[in-house]
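The next block holds one structure in the form of structure tokens; read it before the comments.
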There are 2 protein chains.
Amino acid sequence: MSDEPRQPTIYDVARAAGVAPSTVSRTFSRPGRVNADTAARVRAAADELGYRANAIARALHSGKTQLLAIAVADVTNPFFFDVIRGAETAASEEGYTMLVADVQESPVSERRALDRILPLVDGLILATSRLSDSAIRVAAKQRPTVVLNRVMSDVASVATDNSGGTRHAVEHLASLGHRQITYLAGPEASWADGMRWRALREACHRLEITVRRTPPSAPTREEGRRVAARFLENPTTAVIAYNDLLAIGFGQELTERGIDIPGAVSVVGFDDIFGADFCNPPLTTVASPLRALGAHAVRTLLRQVTTHTPRLPPPAKLPMKLVVRGSTTTAPARPTDPVLPPAAPRP
Amino acid sequence: MSDEPRQPTIYDVARAAGVAPSTVSRTFSRPGRVNADTAARVRAAADELGYRANAIARALHSGKTQLLAIAVADVTNPFFFDVIRGAETAASEEGYTMLVADVQESPVSERRALDRILPLVDGLILATSRLSDSAIRVAAKQRPTVVLNRVMSDVASVATDNSGGTRHAVEHLASLGHRQITYLAGPEASWADGMRWRALREACHRLEITVRRTPPSAPTREEGRRVAARFLENPTTAVIAYNDLLAIGFGQELTERGIDIPGAVSVVGFDDIFGADFCNPPLTTVASPLRALGAHAVRTLLRQVTTHTPRLPPPAKLPMKLVVRGSTTTAPARPTDPVLPPAAPRP
DNA sequence: TTGAAAGCGCTAACAA
DNA sequence: TTGTTAGCGCTTTCAA
């Protein structure tokens, strides 16, 4: 259960095998550059002693650890499950080990975590960083970095095609006869939120649909419920939420209040997270290619890591796909509330 | 976006500040043991050069990184969300940073991941390891280690009180008039599965309830659906699943086949994962204290890390709590199938 | 093919 | 309070 009895080093192995430490090193780091018999002897001695190469000492010299890290703002957010999974798999295929760091909410703890982790890894993926662009640049200067769902001019990035996805959602609702949409806004600082709202306004304008949005809110189920209460003071027949968590909470609240989804209100989410297919009713949502997002980020990162290219790859934009489930249907004949205030600009 | 222009070291800072490298080291690693003015000069120089201490070099010497790791078999399993969260928080409170490693399924990749990570961390939490007891012992010899939901004689462990939890579930069903229970078994190698099944048999015996179990299955929703199909060939009025994922899949399949839950079949899960409260119907489940599990593991670990105690703390057993939701109700008057084969021992 | 020896960046005696 | 000097465990010239 504890450590204490000091791990054997190459020196111990060397002594046991009757060779020089450098030979032991070679045996493990570049087999082939050592006589087969010698190597066998060394390996035998190593096994005997229970020797395991100390990756950290090796890294000190080479600067390479074969470790990659992905920093997320909240491991508890199911959005990341498959992103991490995708990153994981892609990294593993290339012989890298992926570390996940939950950098909590605050930029302070994010900084601290990054300070500790950066020197240990060969590359970094920043998913939903709370850091400012300039702080990210500092990190990116230390290690190859890729940001997820955020586009920066001088750091490689991988994002989803929010405009396309939003358009799909609006067209779907339009085809069901909805003429009014409420957008349940996400966090103020979210890049994706801005993208989605902009695309939404454009698409609605084009299709002559009235649209407005709620004040910014954290992307959680609890917030979804809270927003629902306010929504009811002035409802529309259709709702698009910043993400599935918000949509699910919103739906729960409405259902509990006896309001039928999708009969009275159609709801569309974003991302298609775990749970979107088995909530009640199953959620129509604009699916993010979560695994692909993670995998693509890793590949982009590894390209920087292996080739020492200072050239910035163009920002990747992965397509989103509308998944129609049970939370959307044709607009009710008599809208709950035909009179809508115009979309007001947010302060 | 890349690294290249070599990071400045204490030597660079020392030269710039006109002091010795060790002074630079001290200003950062043990402030107070250096003159305020000197320290200020050093810091200024460091800022100027953009110096950041290289944690890995520091670790090589001190052996301490302030890093902890938790290895999980599958980040994608919502069971871990809150466990990780709890561990995260507890670690952070003590000034440690928590790393999460997804060790995929195979013991091989788990080994590889651990080899790379162990030298970097001050302690390790093994949640759902696929490793053999002896392999775990090897790791535990390298670094303080705590295993989660698995009890070993010579490695510290934190688990849930599966017996108690199972008993609650059975008593709940018994009080609703159920006389027959099917247990949807989990993975064959799962320690928790064994515990739950054993407790289940005992509790049922005591309450004179007939019980049987399905063949082992992976704890996924897909498997839950598959098991449901077989269950219907020979149903009971109540079902207890190895975990919520299995229970949710099971419920989905039954619902789609037009079988009413809980009207025809009552379903109880384990763990109370994300989603258990918003699936349809909301799932009655034996809740694991997920966050507490993670937090407790960290505290146990840190005790080993800080005091170099070779003494093994007794295995912790955290209580489970039955959360009654919509998936259980009184047994139907005429059981779907009154004749049950006796619980057969598994091969 | 193997060994000797010089670091990688930092910390920690030990002196001054 | 500060500087000098060994290392931590490993890799890597450079010779042999």
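Every chain is numbered from 1, with letters handed out A, B, ... down the list of sequences. Side-chain atoms are counted along with the backbone in the values below, which use heavy atoms only and exclude waters and symmetry mates. Predicted model, so just to flag it, every value in this text is computed and none were measured.
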How long is the line joining [atom1] of [X] and [atom2] of [N], in whole Å?
X: B:Asp115; N: D:dC10; atom1: CG; atom2: C1'; answer: 16 Å
X: B:Arg116; N: D:dG9; atom1: CZ; atom2: P; answer: 21 Å
X: B:Asn54; N: C:dG7; atom1: CG; atom2: C1'; answer: 15 Å
X: B:Arg33; N: C:dT11; atom1: CZ; atom2: C1'; answer: 13 Å
X: A:Ile10; N: C:dG7; atom1: CD1; atom2: C1'; answer: 13 Å
X: A:Leu60; N: C:dA6; atom1: CG; atom2: P; answer: 18 Å
X: B:Ile56; N: C:dT11; atom1: CD1; atom2: P; answer: 13 Å
X: A:Arg58; N: C:dG9; atom1: CZ; atom2: P; answer: 18 Å

- prompt: Among C:dT2, D:dC10, D:dC8, which nucleotide sits nearest the side chain of A:Tyr51?
  reply: D:dC10
Residue A:Val34, side-chain atoms from C-beta onward, closest of D:dG9, C:dT2, C:dT11: C:dT2
- prompt: Quick one: is D:dT2 close enough that its OP1 or OP2 comes under 4.0 Å of any side-chain N or O from B:Thr38?
  reply: yes
field: Nearest-nucleotide comparison on DNA chain D, the residue closer to the 5′ end among B:Ala39 and B:His61
entry: B:Ala39
- prompt: Which residues, if any, of residues 17-28 of chain B bring a heavy atom under 4.0 Å of DNA chain D?
  reply: B:Val19, B:Ala20, B:Ser22, B:Thr23, B:Arg26
- request: Determine whether A:Tyr96 and A:Asp122 make a side-chain contact, defined as any pair of heavy atoms from C-beta on separated by less than 4.5 Å.
  value: yes
- request: Indicate yes or no: at least one non-hydrogen side-chain atom of A:Thr38 is less than 4.5 angstrom from one of A:Thr23.
  value: yes
message: Tell me whether the side-chain N or O atoms of B:Tyr11 pair up with the base of C:dC8 as donor and acceptor below 3.5 Å, since no angle test is needed here.
response: no
task: Would you classify B:Ala59 as touching base, sugar-phosphate or nothing, given that sugar-phosphate means primed atoms plus P, OP1 and OP2, and contacts are heavy atoms under 4.0 Å?
output: nothing
query: salt bridge (Lys or Arg N to Asp or Glu O under 4.0 Å) between B:Arg111 and B:Asp115: does it pass, once the steps are laid out?
result: CA-CA 6 Å; B:Arg111 252 265 58 104; B:Asp115 275 351; 3.1 Å; yes
message: Does A:Arg116 form a side-chain hydrogen bond (donor to acceptor under 3.5 Å, both in side chains) with B:Thr97? I'd like the steps, not just the answer.
response: CA-CA 8 Å; A:Arg116 286 188 186 153; B:Thr97 295; 2.7 Å; yes
statement: side-chain contact (heavy atoms from CB on, under 4.5 Å) test vs A:Phe80 passes for just one of A:Thr128, A:Ile70, A:Asp102, namely A:Thr128
task: Just do the side-chain contact (heavy atoms from CB on, under 4.5 Å) check on B:Leu124 and B:Leu68 with the steps written out, would you?
output: CA-CA 6 Å; B:Leu124 177 70; B:Leu68 261 27; over 6 Å; no
- request: Could you tell me which non-hydrogen atom of A:Gly95 sits nearest to which non-hydrogen atom of A:Gln66, and how far apart they are?
  value: O-NE2, 3.4 Å
